[in-house]
Novice: 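Sharing a structure with you now.
Owing to the predicted nature of the structure, the values given are computational and were not obtained by experimental measurement. Chain naming here is simple, since letters A, B, ... match the order of the sequence lines and numbering starts at 1 in each.
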Protein chains: 2
Amino acid sequence: MTPTDEQLSISEVAERTGLSAHTLRYYERAGLMLAPIHRASSTHRAYSARDVTWIIFLTRLRSTSLPIASVKEYADLARRGEDTMPDRLELLQRHRVSVVAQLADIQASLAAIDYKISLYERTTV
Amino acid sequence: MTPTDEQLSISEVAERTGLSAHTLRYYERAGLMLAPIHRASSTHRAYSARDVTWIIFLTRLRSTSLPIASVKEYADLARRGEDTMPDRLELLQRHRVSVVAQLADIQASLAAIDYKISLYERTTV
DNA sequence: CTAAAACCTCGAGCGCACTCTAAGTCAAGC
DNA sequence: GCTTGACTTAGAGTGCGCTCGAGGTTTTAG
């Protein structure tokens, strides 16, 4: 058995991704998985390394405020096959623009907060 | 009349801050204002330059995910007077740590997205 | 074989931050 | 003075993203 055949339970995936088991089931129901999660030996989910890699990437998309509907859109495209690669690329590029804007905005906010902190420190000392 | 005496209507403040008039009233009801908003000549709100400066700073706090409850906490402290300056400073410093973490996380996500984009571009070309 | 722990589905519930509506009041231009 | 548009309040409604609960099944350890 190669390492990539390793199967993980939902709680193991929860631990590795920082998501809750509830959230993992919710994401699956919401259609965010690239492929149906395999059921090992019965009804219990058995995640592959590939599943986990995708879940980690999708949390990167989510943590940069890509809505669940857009993640689903991406997953739907991916499931439709290689023909949709340009569409997926475009979706990512559009999102990238938004992430760069988020960065700039947060940096500006950090500067404002730092300035405010500097005023307090000047006054307190 | 000095420029700082300038009074702005709610729609003017909405325009200057990017918030809606609805949101400005909501924030006020939620106790986020540092001082009661003055009512010019009747029931209509008349914002001072100081009010607007605070609203802009509070949107910096909000856009870096400081919950409304925490903004209220800060505003409550500020209303209680100068004695609370150390508490306000601490609140800001705590939030600053979270903002720096947000920045790091978003930068990591951007790197992951860029990597994924680079794979698509390699394959597409 | 049994008990406990982990898993399952389905659907309801929740928290947050707005966002809107209704019904009315006020201000500015003609 | 009258109309039009901006403003007012109080409270209800919305959208998103989880999060939880009930009631049942499966796995695992002893």
Side-chain angles (χ1 to χ4, degrees), chain A residues 6-33 36-48 51-52 55-75 95 98 102 105-106 109, chain B residues 6-33 36-48 51-52 55-76 95 98 102 105 109:
Chain A
E6 201 185 356
Q7 304 279 285
L8 297 174
S9 74
I10 196 166
S11 61
E12 287 167 329
V13 175
E15 202 180 340
R16 275 167 182 71
T17 61
L19 301 173
S20 72
H22 279 305
T23 300
L24 286 168
R25 293 191 202 99
Y26 164 68
Y27 280 180
E28 187 178 337
R29 262 195 291 179
L32 307 191
M33 294 301 112
I37 303 300
H38 178 239
R39 302 303 176 110
S41 72
S42 77
T43 59
H44 292 200
R45 288 170 181 80
Y47 293 83
S48 69
D51 294 330
V52 175
I55 292 165
I56 289 169
F57 182 64
L58 103 69
T59 63
R60 287 292 180 198
L61 297 177
R62 289 290 306 120
S63 74
T64 45
S65 300
L66 190 71
I68 282 181
S70 301
V71 178
K72 173 168 161 46
E73 200 183 320
Y74 182 91
H95 182 52
S98 132
Q102 286 173 48
D105 191 64
I106 293 179
S109 295
Chain B
E6 200 186 354
Q7 306 278 286
L8 297 174
S9 72
I10 195 165
S11 60
E12 286 167 330
V13 175
E15 200 180 341
R16 274 166 183 69
T17 61
L19 300 173
S20 72
H22 280 305
T23 300
L24 286 169
R25 292 191 202 100
Y26 164 69
Y27 280 178
E28 186 177 340
R29 264 196 290 180
L32 305 192
M33 294 301 112
I37 302 300
H38 178 241
R39 303 304 176 107
S41 71
S42 74
T43 58
H44 291 200
R45 288 169 180 80
Y47 293 83
S48 69
D51 295 328
V52 175
I55 292 166
I56 288 169
F57 182 64
L58 103 69
T59 62
R60 286 294 180 196
L61 297 177
R62 289 288 306 119
S63 74
T64 47
S65 301
L66 190 71
I68 281 180
S70 301
V71 179
K72 173 169 162 48
E73 200 184 320
Y74 182 93
D76 287 346
H95 183 52
S98 131
Q102 287 172 49
D105 191 64
S109 294

Novice: Give me the first and last nucleotide of DNA chain D, going 5' to 3', that has any atom under 4.0 Å from a heavy atom of chain A.
Specialist: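 Contacts span dG17(D) to dT27(D), reading 5' to 3'.
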Novice: Could I get a table of every N or O pair under 3.5 Å where one atom is in the protein and the other is in nucleotides 28-30 of chain C?
Specialist:
none

Novice: Using a cut-off of 4.0 Å between protein heavy atoms and nucleotide atoms, how would you tag nucleotides 7-14 of chain C 5' to 3' with B, S and -?
Specialist: SSB-B---
Novice: Can you see which heavy atom on I55(B) is nearest to which on L19(B), and at what distance?
Specialist: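 Minimum heavy-atom contact is CG2-CD1, 3.7 Å.
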Novice: Not counting sequence neighbours, which residues clear side chain to side chain contact (heavy atoms under 4.5 Å, CB included) with S20(A)? List them please.
Specialist: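 Expected list: H22(A), T23(A).
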Novice: Could you check which residues of residues 58-70 of chain B get a heavy atom under 4.0 Å from DNA chain C? Sort them by number, please.
Specialist: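 Per residue number, the list reads R62(B), P67(B), I68(B).
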Novice: Minimum heavy-atom separation for A21(B) to A14(B), with atom names?
Specialist: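 Heavy atoms of A21(B) and A14(B) come nearest at N-CB, 3.9 Å.
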Novice: Working note: Y74(B) + L66(B), criterion side-chain contact (heavy atoms from CB on, under 4.5 Å); need CA distance, chi angles, decisive distance, verdict.
Specialist: CA-CA 11 Å; Y74(B) 182 93; L66(B) 190 71; 5.8 Å; no
Novice: Do H95(A) and T64(A) have side-chain heavy atoms sitting under 4.5 Å apart?
Specialist: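 A side-chain contact exists here, since the closest heavy-atom pair is under 4.5 Å.
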Novice: If you look at every heavy atom in I68(A) and A30(A), which pair is closest and at what distance?
Specialist: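 Nearest pair, atom of I68(A) first, then A30(A): CG2-CB, 4.5 Å.
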Novice: Using the test side chain to side chain contact (heavy atoms under 4.5 Å, CB included), find all partners of S63(A) that sit at least two apart in sequence or belong to another chain.
Specialist: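 Testing S63(A) for side chain to side chain contact (heavy atoms under 4.5 Å, CB included), a comparison that skips the adjacent residues, returns D105(B), S109(B).
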Novice: Would you tell me whether S98(A) and Q102(A) have side-chain atoms, one donor and one acceptor, within less than 3.5 Å of each other?
Specialist: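 Yes, side-chain donor-acceptor contact under 3.5 Å.
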Novice: How close do V13(A) and L8(A) get, counting heavy atoms only, and between which atoms?
Specialist: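 For V13(A) and L8(A), the tightest heavy-atom pair comes out as CG2-CB, 3.8 Å.
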Novice: Can you find a side chain N or O atom of Y26(B) that sits less than 4.0 Å from OP1 or OP2 on dC20(C)?
Specialist: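 For dC20(C), OP1/OP2 do not have a side-chain N/O of Y26(B) under 4.0 Å.
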Novice: Using side-chain heavy atoms (C-beta onward) and a distance below 4.5 Å, is R45(A) in contact with H38(A)?
Specialist: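 No, side chains not in contact.
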Novice: Could you report the tightest heavy-atom contact between A40(A) and A46(A), atom names first, then the distance?
Specialist: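 For A40(A) versus A46(A), the nearest heavy atoms are CB-CB, 3.4 Å.
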Novice: Measure the shortest side-chain to side-chain distance between M33(B) and L58(B) over non-hydrogen atoms and say whether it is less than 4.5 angstrom.
Specialist: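 The answer is yes; the side chains approach within 4.5 Å.
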